[in-house]
Amino acid sequence: MQNNPNNPYDEVFNNLAKIVDELVRNMPEAQHARIIGYTIVTRHPSGDPASFGTDGEDDRGEVPYEVLENDSHIFVTVALPPDPVNAPYADIQSNVVRICIDDRTTVINLSHRIDVIHSTYRVHRGVMDITLRKVPQY
């Protein structure tokens with residue numbers, strides 16, 4: 001997936017991730033350490049984003065995920081299992097997101113309506129990042 005052409009900071013964030021990855025790799029006790037994902041959310045004039053999340057798989061077999069929210073977007077970060085049989089994907093709908101990994105489905109009910117056309121997901125190095133644009137409420 002390509003970088004978002006509307007986000008001028010994508011290149012900066014990619015370079016920052018490479019720098020942090022190089023620092024971690026060169027730490028004396030980090031022989032097998034690696035960065036598997038990151039989320040950077042800039043502040044907006046209306047205040048800090050809110051964070052909601054889970055700390056691990058629950059009894060229903062859901063995958064661990066974290067949700068960050070600001071006035072215009074909802075950001076979901078999902079920790080993927082190491083060796084899925086099929087490619088994981090996100091089914092983005094106007095009021096719910098379904099994260100599908102092999103025979104497991106995690107459902108995230110959303111508190112805001114989502115602009116499905118302008119919402120995306122990306123799977124990279126064991127992490128799924130989902131960016132959901134909220135429908136403006138007038």
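Positions are given from 1, in the same order as the sequence printed here. Just the heavy atoms: all of them, side chains too, but no hydrogens, waters or symmetry mates, feed the values below.
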Could you give me the CA-CA distance, side-chain angles and deciding distance for Val127 and Leu80, then say whether side-chain contact (heavy atoms from CB on, under 4.5 Å) is met?
-> CA-CA 6 Å; Val127 174; Leu80 300 174; 5.9 Å; no
Can you name the side chain to side chain donor-acceptor pair (under 3.5 Å) partners of Asn95, sequence neighbours left out?
-> none
Using a 4.5 Å cut-off on heavy atoms from C-beta on, say whether the side chain of Leu110 contacts that of Leu132.
-> yes
Donor-acceptor pair, Lys134 side chain versus Asn70 backbone, under 3.5 Å?
-> yes
Pro81 to Ile101 - nearest heavy-atom pair and separation | CG-CG2, 3.7 Å
Going from OG1 on Thr105 to CD1 on Ile99, what distance comes out if it is rounded to the nearest 0.5 angstrom?
-> 9.5 Å
Partners passing side chain to side chain contact (heavy atoms under 4.5 Å, CB included) against Asp115 (at least two apart in sequence or in another chain) | Ile117, His118, Arg133, Val135
Please report the closest heavy-atom contact between Val123 and Met128, naming both atoms and the distance.
-> CG2-CE, 3.8 Å
Shared-cluster residues of Val96, by chain and number - hydrophobic side chains joined below 4.5 Å = Val107
Counting N and O atoms only, with roles assigned by atom type, does the side chain of Ser94 sit under 3.5 Å from a partner on the main chain of Ile114, one being a donor and the other an acceptor?
-> no
Please determine which of Thr131, Ile130, Asp129 meets the side chain to side chain contact (heavy atoms under 4.5 Å, CB included) test together with Thr120.
-> Thr131
Yes or no on side-chain contact (heavy atoms from CB on, under 4.5 Å) for His112 and Glu69, after CA distance, side-chain angles and deciding distance?
-> CA-CA 10 Å; His112 293 77; Glu69 181 174 342; 2.9 Å; yes
Go through the structure and list residues passing ring pair (Phe, Tyr, Trp, His ring centres under 6.0 Å) with His73, not counting sequence neighbours.
-> Phe75
Distance in Å, Asp91 CG paired with Tyr121 OH, rounded so as to fall on 0.5 Å steps = 9.0 Å
The reported gap from CG in Asn109 to CD in Gln93 (rounded to nearest 0.5 angstrom) is 10.5 Å
What pair of heavy atoms forms the shortest contact from Val63 to Arg104, and how long is it?
-> CG1-NH2, 2.8 Å
